[in-house]
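Note that the structure is a prediction, hence the values are computed from the model and not measured. The figures here come from the full heavy-atom set of this structure, side chains too, leaving out hydrogens, waters and symmetry mates.
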Amino acid sequence: MFRASLTNYLKTVLTQKRGNRMIFQTKTNAMKVIPVPAAVVDPVEPKKLLPVIEQHGANLNHLITTHYHADHSGGNEELTSQRKGLTVYGGDENIPALNHLVKDGEEFSIGNITAKALYTVCHTRGSVSFFLQDKDDKVVFTGTADHMYNSLINVLGKLPEDTKVYCGHEYTKSNLKFAESIEPDNQVIKDKIQWASKTQQTIPSTIGDELKFNPFMRVNVDSVKKATGKNDPIEVMGALREMKNNFK
């Protein structure tokens, strides 16, 4: 849903700071940082990233890549050439500098944080969402209609509702306009649009919130079925995707 530039963002907001790790959310790309030890999710801009890591005294040793597209994996090779011994996680052999191909459901650790790879095939055939948990704090980093249905409904939709969602691109306001066109009487969407109009940084959302206003996670709801003219949830998903492609 989302897109965003690290330098300008860090001047204003540090989204999370708990114990021994931090998560940075950017405004012009998908890069996030989690220290110490540090992991970076989709490290697109190494020249901006490395000074931040040094500033916070983090030890970068993990790169987590949601999929192979250059706006998510474009910094991998530069970082691995400058920092030896980095583990590069991902679910697609096309990811640059990949040295740890994760399996669906595989778990690994980043300091005290447990990370779990969830295959969410849709945006690419090797797209993986990473569900991270530190005690009670939970976040997920994300990247055909039946694939979309499985990824959004059966995988992400089944995560705990308080899981924070860090999506790959920040398109929140335009996505909410599309959601309103599907469910014009949904008060949650109306409230969310009003909130977003006054908010510069809209990430993270939560799984629970997405289930209330994201039409792609509401394909079993009658009002969404009516808007698409379809009844089967997978057909509803396909119709929504086509409607979104043509939405102005």
Contact between Leu211 and Glu161 at the side-chain level, heavy atoms closer than 4.5 Å - yes or no? yes
Can any side-chain N or O of Asn99 pair as donor or acceptor with the backbone N or O of Val88 at less than 3.5 Å? yes
Starting from Val188, can I reach Leu176 by hopping between I/L/V/M/F/W/Y residues whose side chains sit under 4.5 Å apart? yes
Side-chain H-bond candidate by donor/acceptor type, Gln133 with Thr114, under 3.5 Å: no
How long is the span from the CG atom in Asn150 to the CE atom in Met237, to the nearest 0.5 Å? 9.5 Å
Nearest-0.5 Å distance, CG of residue Leu118 to CG of residue Asn154: 12.5 Å
So Leu79 and Leu49, do their side chains get closer than 4.5 Å, heavy atoms only? yes
Which pair of non-hydrogen atoms, one from Ala39 and one from Ile64, has the smallest distance, and what is that distance? CB-CD1, 4.2 Å
Under the side-chain contact (heavy atoms from CB on, under 4.5 Å) criterion, do Lys138 and Leu159 qualify, and how do the steps go? CA-CA 9 Å; Lys138 299 174 284 289; Leu159 293 175; over 6 Å; no
Can you confirm whether Asp136 is buried at CG, in the sense that more than 12 heavy atoms of other residues, nucleotides or ligands lie under 6.0 Å from that atom? no
Identify the two heavy atoms, one from Val44 and one from Pro46, that lie closest to each other, and give their separation to 0.1 Å. O-CD, 3.2 Å
Can you label the angle between the Phe108 ring and the Phe130 ring as parallel, tilted or perpendicular, going by 30° and 60°? perpendicular
Check for a donor-acceptor pair, side chain of Asp42 on one end and backbone N or O of Thr66 on the other, with a separation under 3.5 Å. yes
Suppose we screen for side chain to side chain contact (heavy atoms under 4.5 Å, CB included). Which residues come up paired with Gln82, at least two apart in sequence or across chains? Leu50, Glu78
Please check if any side-chain donor atom of Thr87 sits under 3.5 Å from a side-chain acceptor atom of Asn61, or the reverse. no
With a 4.5 Å cut-off on side-chain heavy atoms, are Leu101 and Tyr89 touching? no
Not counting sequence neighbours, list each pair that qualifies as a salt bridge (Lys or Arg N to Asp or Glu O under 4.0 Å) and has a residue in residues 217-230. Glu183-Arg218
Heavy-atom distance under 4.5 Å between the side chains of Thr65 and Leu98, does that happen here? no
Neighbour count above 12 (heavy atom, 6.0 Å) for Lys135 NZ: no
Measure the OH-CG distance between Tyr149 and Asn220 for me, rounded to the nearest 0.5 Å. 4.5 Å
Regarding Asp137 and Lys164, does a basic nitrogen lie under 4.0 Å from an acidic carboxylate oxygen? yes
Does Ile95 offer a backbone N or O that forms a donor-acceptor pair with the side chain of Asp92 under 3.5 Å? no
First locate atom OH of Tyr166, then atom OG of Ser205, and finally report the distance between them rounded to the nearest 0.5 Å. 11.0 Å
Say you draw a straight line from OG1 of Thr163 to CG of Leu156; how long is it, rounded to the nearest 0.5 Å? 9.5 Å
Donor-acceptor under 3.5 Å (Thr80 side chain, Asn76 main chain): yes
For Ile153 and Met217, work out which heavy atoms get closest and say how close. CD1-CA, 3.8 Å
Heavy atoms of Lys84 and Ser81 approach each other most closely as NZ-O, 3.5 Å
Using a strict threshold of under 4.0 Å (side-chain N to carboxylate O), is an ion pair present between Glu235 and Arg241? no
Closest approach of Phe131 and Pro160, non-hydrogen atoms and distance? CZ-CD, 4.2 Å
Any pair with a residue in residues 95-113 that passes salt bridge (Lys or Arg N to Asp or Glu O under 4.0 Å), sequence neighbours left out, goes on the list, sorted by first then second residue, please. none
How long is the gap from NZ on Lys244 to OG on Ser181, to the nearest 0.5 Å? 9.5 Å
Keeping the roles fixed (side chain from Thr206, backbone from Asp209), state whether a donor-acceptor pair exists under 3.5 Å. yes
Could you tell me whether the side chains of Thr120 and Ser129 share a donor-acceptor contact shorter than 3.5 Å? yes
Under 4.5 Å between side-chain heavy atoms, hopping through other hydrophobics if needed: is there a path connecting Phe247 to Val219? yes
When every non-hydrogen atom of Val236 is compared with those of Val224, the smallest separation belongs to CG1-CG1, 3.9 Å
Counting only heavy atoms not in Gln187, do more than 12 sit closer than 6.0 Å to its CD atom? yes
